Structures are given as C-alpha cells and as structure tokens.
Chemist: 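Can you read through this structure? Questions will come right after.
A note on names: the letters A, B, ... follow the listed sequences, proteins ahead of strands, and every chain is numbered from 1. Quantities reported herein were computed from a predicted structural model and do not represent experimental measurements.
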Amino acid sequence: MEKVALVGYKQTKHTFESPVARERIIYELVKSLYKDMGITKDDIDTFILASNDFTDGRTISEVFTVPRIGAYMKDETKVEADGLNAALYAYMRILSGLYNTALVIGFSMSGSEFRVPLTQAYTMDPAYERPRALINYYSAAALQAGAYMKKYRFTEEDLAALTVKNLENANNNPYSARKEPDASVDKVLGSKLLYTPIRQAHVSAYADGACAVVLSSKKMARKFTDKPVWIDGVGHLMDTYYIGDRDLLKMDSLAGAAKKAYKMAGIKNPRKEIDLAELHTNFASEEPVFTEAMGLFKPGSAKDVVKNGESRIGGSIPVNPSGGPLGANPVNATGLIRLAEASAQLRKEAGKNQIKGAKTAVVHAQDGPGAQSNTVFVIRR
Amino acid sequence: MTQETRTIESTWDLTAYQFKIEADALNLFIKGTKDKKILGRKCHQCGTVYVPGPTYCRKCLIDIDQVVEVSQEGVLDAFTVNLADVRGIPVENPFITCTVKLDGSDSFLMGTLEGWTEWHSVREGMRVKVVWKDTTSGALADLSHFQLI
C-alpha cells in the first residue's frame, strides 16, 4: 500500500483569550507553515478543516474560514470532529490516489467564545440524558474516574501527582496556554471539587488556538522535507453514544482502535515498541484508563506507573510529554496537536521536553461524552 | 411493535456563545458610508478591489491594505421582485432586492432598487446610482437604496 507522511506541522501559541478573531488565527498559522516549508497554497491538493458548527456557533462554519487557509477555488471539506479525524480523512484522500498533498487544520475559540461545558451539555442524548440533565461531559468523566480509582485503589494523591506531571511538562512547552510554575500535589488537592473525584485542576485548559499539518504521498514527501514522519497505522472506532450502554472502564472503542492501528503498523508488543504517547485527555483522570485500554501499561497499574515515574519524560513510555490537553485544549484542534507534538518528538524538535531516541509514537484523539469515539495513529521516523 | 413518535420540549441558551469578529472590513465600509463614500480595499498584487474590503486577498493569500474609493454609480447585476415574505405570505407592496457592481469594484453590493413603476420593465445591465439617507451615522443602513438612472 502507498505510504503517507506528515511533512509539515505548526501550532499557535494557545491562549485563554485570543486578541484576534479565528479567521486571523488560522490565516497567520497557515501562511507561516507554508513559509517554513517553502511552499505556497498551490502545492496543496486538498484542504481539510476540523471544526464543529455547534462549537463554532454558526452553521456550515467553514464557509467563513476556508478562504483563510488558501482554499479559495480549491477542493475543501470539513470534518465535524477532532482534527486527528480530519488527518485520517486526509490520509484516506491521499491513499485514494486522487491527491498527493493535503493541508489539515483544526481550530477553536473554546477559551473565550463559548462555554465548553454548556455547549457540550446540549449535545447529550435528547431523549434520555438532556431532559433530566443528569449527566454532562464532566460528570461522565467523573463516573469513569471514580470507578477506576475505587477498583484499583488509585488515590486522590496519585491523581494529583499525575496532574502535576502533566502541568510540569506544559510549563516547558512554549505553546501551552496554562502555565503553573508552582504546580504541586497540595495545590491540586486544594483546588475546587467539581464532580467527585474531579477537581478544577484536573480539567484540561480549554483555549483559543489552532494546529495545522501537511500530509503527503510517499512519492512527493521528500520534495517537502528530509524528515518525513510516516503514518504506519490508523484505527478509528466509535462506541454507543448513550452512556448507559457502555462500560466506562473497559473503553472498548479505544482498545479496538489501538489494536487496529498496532496491527497495521506491525506492532506486537506496544509496551516495548512504543516510545511515547500523546493522548487527548480532557481530564487528568482519563490518562490511566486510556493508557491501559491502549495496552501501554498493565490494567490497574496506574498507582505504580505514577510512583515509578514510568509516564514521565525519561520513563518507560512518556505520556503527554507536551503536557497534553492539560496545557492547552482548543477543542477540535486537540487531537491534531497530539500528532504535531509526537511528530516534533520523532523529528527531535521538541525542545525542553525532547525524549531521547524516540522513533515510534502513538497518538490519540477522542470525541463525545466519556470518550465515546476514539482515533489512534501509530507514527514512525 | 409500533412506529409511534413523541415530541420532546427542548431549548438552547444562545448566551452560551459570544463572537469576536474581524472588524477591519466593516469598520472601513461604515467609515465611508458616514461620509457618503463607498470604500474598499485593493490587492496590490492581483488588482482585485473588494467592497467591503477585508485585510487579505483570498486569491493571493496575502495581507492587503490599499484603501480605495469606488464610484457611486454602477450596473444592475441581478435582481428579484419580493412578492412574498420569508413565510410565503404575499406582501402588500412588492419591492426589488438587487446586486450592483459599482464602477471600479470587483465585488457586488446588495440593496433595494427604486426608480421603477412597473417591475416587468426592470432589466439587468441598467445603470444605477447610490442614494444615501439624509443623515448618515456610520452604519450599513446609511446606504438607503439604489436608484435607476
């Protein structure tokens, strides 16, 4: 099968309130990516934008945004999901043979323009969940976190230590919106309790920002870069939307997506073969559940993983060395940022958070309450 | 098994959103209308004149900032006679909405058309001119309508 490479990537410095409108954010980002790569919009065959009319607050929202990325009179489409799904779409378009290059962009004004928990609450099941307002994205994650902690004796202190690990990485990431140089277990434990066991400090940093990548067919890849990052495996699975029909701890859709991606990439033992993971966690408490569903750590081992620093930079499998969404979560761009950050690691461009000798990474994105839909990429240098 | 349906009452709180829009194009346009002028921006690379004028050229994907004033006369490009409202109810006094290409502009402005008595006699390509409100305040409504010349 033809191979597809990531040949360029760039993200904005994410903020809690952008001084400029979304159109300007993506225009500046894409122009600067083209400039870095020494290309123009004419080198791009298809443009794929990740946005969501609901979170964008207007319908067919890309009509206002695609001209800003160079798609005027060009082939464009939108994915109403995380940007990693837009990258999956771009990957398939290139595999179709009709396109050699694709620009993928995800953006959001989730820091300043809309209230994330409120808009998410409107997306709950209208027959069973919305009328009684019993559950939202936060409380769905809280149900999962509580169940995991009870089952595996993962304590509040353990969760706080895991949160601090991510915040420390975010502090060293120039693109993070959230900077907490004084992050500590005590500070996390002292933060506001929202839905037990989830505290404000565990919640990702909803932000304004964007991320763009350029994918290319194998035959064109070397024209753009001498450091292509190969997409060797992909998997995308969705679970039932209604939370009552899911086992929140088993995460079947994530486990299945990871399995598919590993199989495609020829990975037999992810714990040995994966050098780092960039995960789309909306809450710190999702990290143990996700990493275990993906086979990166043994089920129920989070207590030891945290204690032994296995998921830290320098550990056996660093998880979110970028700080992950706890540092910046511009909804719709977040999973795509994971791809950019993991690619930076493989290309040795990750600055202070660089992991030595990283060759293979796993990248994840989620959508839906309680991570109902999951996408996994395996990438290699 | 039945095929019954139910209707569930549901509301959206639209205060969940607040928008930040790019103001340059609108600001320039209404700054012009206040002085009874039509202002836009011209791309220094491809020469396209946009009215209203954004600060970038969508064809060249570059920043542009050359402010130009265009003519207040132009050509009736397309029009429709509004015989019904948005709910389909016939209107008492039919009116014409139209697009006009002002001389020197590559964009089309939208407005209402006056100066006709029998709508069957209106034709695309007729010359029109801008008619201003007596008092302008720096608003889109400063442009009262287009008048057949």
Chemist: Verify the neighbour count for atom NZ of Lys179(A): are there more than 12 heavy atoms of other residues, nucleotides or ligands below 6.0 Å?
Modeler: yes
Chemist: Between Pro126(A) and chain B, with a heavy-atom cut-off of 4.5 Å, which part of the residue counts as in contact: side chain, backbone, both or neither?
Modeler: backbone
Chemist: Under a 4.5 Å cut-off applied to non-hydrogen side-chain atoms, are Glu22(B) and Val20(A) in contact?
Modeler: no
Chemist: Measuring heavy-atom distances to chain B, does Asp56(A) have an atom under 4.5 Å in its side chain, in its backbone, in both, or in neither?
Modeler: backbone
Chemist: Tell me if the NZ atom of Lys36(B) is crowded by more than 12 foreign heavy atoms within 6.0 Å.
Modeler: yes
Chemist: Is a side-chain donor or acceptor of Lys41(A) paired with a backbone partner of Cys60(B) at a separation under 3.5 angstrom?
Modeler: no
Chemist: Is the count of non-hydrogen atoms from other residues, nucleotides or ligands lying under 6.0 Å from Ile60(A) atom CD1 greater than 12?
Modeler: no
Chemist: Quick check: does any side chain N or O of Lys20(B) sit under 3.5 Å from a backbone N or O of Met109(A), one acting as donor and the other as acceptor?
Modeler: no
Chemist: Rounded to the nearest 0.5 Å, how far does CD1 of Ile62(B) lie from OH of Tyr27(A)?
Modeler: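 If we round to the nearest 0.5 Å, Tyr27(A):OH and Ile62(B):CD1 are 7.0 Å apart.
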Chemist: What part of Phe64(A) gets within 4.5 angstrom of chain B, counting heavy atoms only: side chain, backbone, both, or neither?
Modeler: neither
Chemist: So which bits of residues 109-140 of chain B come within less than 4.5 Å of chain A, counting non-hydrogen atoms only?
Modeler: none
Chemist: Does Arg68(A) reach the side chain of Leu61(B), with side-chain heavy atoms less than 4.5 Å apart?
Modeler: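 Heavy-atom side-chain distance check fails, nothing below 4.5 Å.
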Chemist: Any salt bridge between Asp63(B) and Arg24(A), counting N to O under 4.0 Å?
Modeler: yes
Chemist: Would you say that more than 12 heavy atoms from the other residues, nucleotides or ligands in this model lie under 6.0 Å from the NZ of Lys13(A), or not?
Modeler: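 Above 12, so yes.
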Chemist: Does any backbone or side-chain atom of Thr55(A) lie under 4.5 Å from a heavy atom of chain B? Answer side chain, backbone, both or neither.
Modeler: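 Answer is backbone: N, CA, C or O of Thr55(A) sit under 4.5 Å from chain B.
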Chemist: Heavy atom to heavy atom, less than 4.5 Å: which residues from residues 111-125 of chain A reach chain B?
Modeler: Ser112(A), Glu113(A), Phe114(A), Arg115(A), Leu118(A), Thr119(A), Tyr122(A)
Chemist: Between Ile21(B) and chain A, with a heavy-atom cut-off of 4.5 Å, which part of the residue counts as in contact: side chain, backbone, both or neither?
Modeler: backbone
Chemist: Is it true that atom OH of Tyr137(A) has more than 12 heavy atoms of other residues, nucleotides or ligands lying nearer than 6.0 Å?
Modeler: yes
